[in-house]
Amino acid sequence: MGKKRTAKLLALVGMAGILTCSMRVSAQNEAVTLLVQRYEAYQQEFEGIEKLADVEATGYEIIESQQFPVALESFGQEEVTFVPILHQEYHRLGVLIADSEGNVLYKTNQLEANYKYMEQLEQPIKSLAAVSFQDLNHDGLTDIILIANCENTTGDYAGKTYKVGDVLFQRDGSFYRDWRVSDKINRFSMNKSAEFIASHVRDGNSTEALYTATTLEELLENGFRIVEEQNYARDFEKQGRLLVVPGVISMAEYDIFMIYLMNEQGNIVWSFQPMKDYDNLYALKGMTCRDMDGDGMKDIVVLARYSYSGPEGELLIDTRCDIYYQRTDGFEEDTEFSKIYQCTEEDTLGELVEIIREYWGWPKENDQDTDSR
């Protein structure tokens, strides 16, 4: 092929690439423009809600089960009505405060749960799980706690319900949000109930140390209680001799459970949260540090029962087994065994060790691990 022909083909390929890129950018710009237009129309409709009778025409539906009369000091002497609304297409939450005639005195849709899918109009809100009215910042005015149930449709968390907490602080016939408060509530799993949120915002308690502490001393200073019967030292082949420290921080009616591995200086070198998004550690049935997968290195197995609130607020309890396999660079959480085995209330740690080892191909008669517990 001649040099001129080669150059011509390269130029054509380059032009095709530029055109393709230009078309892609144009399509993206059109999508952004359409999203902006849809959001502006949605926002305009929300701002147009002047009476409760206007709600249905804007695509919202009143959440009747969470509608309450309430005395809000800066709104006058008469009781007003707290009215939550949920958009039926976009699943975005709104809050209205209405008088006895149905006139809307205050409204907002600037809520934490409406920003879980960034740059999207549709959100993952399924329901409003809880509402509470309390003075949280000690100014004599009643504030509002909101907890929404959400469920993503895509990603690693798809299909799993999670909670998003929020606080509206009352001020001069209106409300405001402090994004720093909402961020901490949700980032450090303090959104499990209205009592939990109040314990943090009103009383100053926090689980933050569970996720940010670097030493045992720091944990203990922040109310961490060690589960003494499961607190012991073990030789982890690739990690050295470490102290296994399980324990809880208690807030409201909940025990938040974590496990730490610490070196001889009391520094945290690894941490685990087997309770995931459950509300409370109901009972720790057992822990052991033994080789589970046959690679000659000790792993960690945790069997526990956890409680949580069901869709109607009922107390539910699950039994869960978690396995953390030791690797050369740390620990890896099990994702395979949990898919094939569902724990029951009757399971014991000893029985589970046998089942897990059988899954990995261990003959039962070869169970001779002496450094176990």
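We use all heavy atoms of the structure for the numbers below, so side chains are in, but hydrogens, waters and symmetry mates are not.
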Regarding [X] and [Y], does a basic nitrogen lie under 4.0 Å from an acidic carboxylate oxygen?
X: Glu345; Y: Arg305; answer: yes
X: Glu101; Y: Lys51; answer: no
X: Arg327; Y: Asp295; answer: yes
X: Asp318; Y: Arg320; answer: no
X: Lys298; Y: Asp291; answer: no
X: Glu333; Y: Lys276; answer: yes
X: Lys184; Y: Glu208; answer: yes

Under a plain distance cut-off of 3.5 Å, with no hydrogens placed, do [Y] and [X] share a side-chain donor-acceptor pair?
X: Thr215; Y: Asn267; value: no
X: Gln273; Y: Tyr211; value: yes
X: Gln170; Y: Asp139; value: no
X: Asn280; Y: Ser307; value: yes
X: Gln110; Y: Tyr115; value: yes
X: Asp255; Y: Ser250; value: yes

State whether the side chain of [X] and the backbone N or O of [Y] hold a donor-acceptor pair below 3.5 Å, judged by distance alone.
X: Asn149; Y: Lys126; answer: no
X: Asp203; Y: His200; answer: no
X: Asp54; Y: Glu50; answer: yes
X: Glu112; Y: Val164; answer: no
X: Glu45; Y: Gly59; answer: no

Exercise. Looking only at heavy atoms, what is the nearest atom pair of Ala194 and Ser132, with distance?
Worked result: CB-CB, 3.5 Å

Please check if the distance between the ring centroids of [X] and [Y] is under 6.0 Å.
X: Phe331; Y: Tyr324; answer: no
X: Tyr341; Y: Tyr359; answer: no
X: Tyr325; Y: Trp360; answer: yes

For this session: For Gln120, enumerate each residue passing the side chain to side chain donor-acceptor pair (under 3.5 Å) test, keeping only those at least two apart in sequence or located in another chain.
Result: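 None.
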
Problem set entry | Any residue meeting side chain to side chain donor-acceptor pair (under 3.5 Å) with Arg187, in chain and number order, not counting sequence neighbours | Asp183

For this session: Count the heavy atoms of every other residue, nucleotide or ligand shown that sit under 6.0 Å from CD of Glu119, and state whether that count exceeds 12.
Result: no

Exercise. Within a reach of under 6.0 Å around CD of Glu217, are more than 12 heavy atoms found that belong to other residues, nucleotides or ligands?
Worked result: no

For this session: Could you please spell out the steps behind the side chain to side chain donor-acceptor pair (under 3.5 Å) verdict for Tyr162 and Asn152?
Result: CA-CA 9 Å; Tyr162 61 95; Asn152 293 351; 2.7 Å; yes

For this session: Evaluate ring pair (Phe, Tyr, Trp, His ring centres under 6.0 Å) for His87 paired with Tyr42, printing each intermediate quantity in order.
Result: CA-CA 10 Å; His87 199 281; Tyr42 148 80; 5.8 Å; yes

For this session: With side chain to side chain donor-acceptor pair (under 3.5 Å) as the test, would you mind laying out the steps for Thr142 and Gln134 before giving the verdict?
Result: CA-CA 5 Å; Thr142 301; Gln134 306 181 41; over 6 Å; no

Exercise. Do Leu219 and Leu261 belong together in a cluster built from hydrophobic side chains that touch within less than 4.5 Å?
Worked result: yes

Exercise. From Asn103 CG over to Leu96 CG, what is the distance, rounded to the nearest 0.5 angstrom?
Worked result: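 It comes to 12.0 Å.
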
Problem set entry | Evaluation steps, side chain to side chain donor-acceptor pair (under 3.5 Å), between Ser199 and Asn205 | CA-CA 6 Å; Ser199 180; Asn205 300 314; 2.9 Å; yes

Exercise. Please walk me through it: do Phe224 and Tyr260 pass ring pair (Phe, Tyr, Trp, His ring centres under 6.0 Å)?
Worked result: CA-CA 11 Å; Phe224 184 73; Tyr260 300 91; 5.6 Å; yes

Seminar exercise, completed: Residue set satisfying ring pair (Phe, Tyr, Trp, His ring centres under 6.0 Å) with Phe196, at least two apart, ordered chain then number -> Tyr254

Problem set entry | Lys/Arg cation over aromatic Tyr232: Arg234, 6.0 Å, 45° cone | yes

Problem set entry | From CA spacing to verdict: ring pair (Phe, Tyr, Trp, His ring centres under 6.0 Å), Tyr306, Tyr282 | CA-CA 5 Å; Tyr306 305 100; Tyr282 188 81; 9.8 Å; no

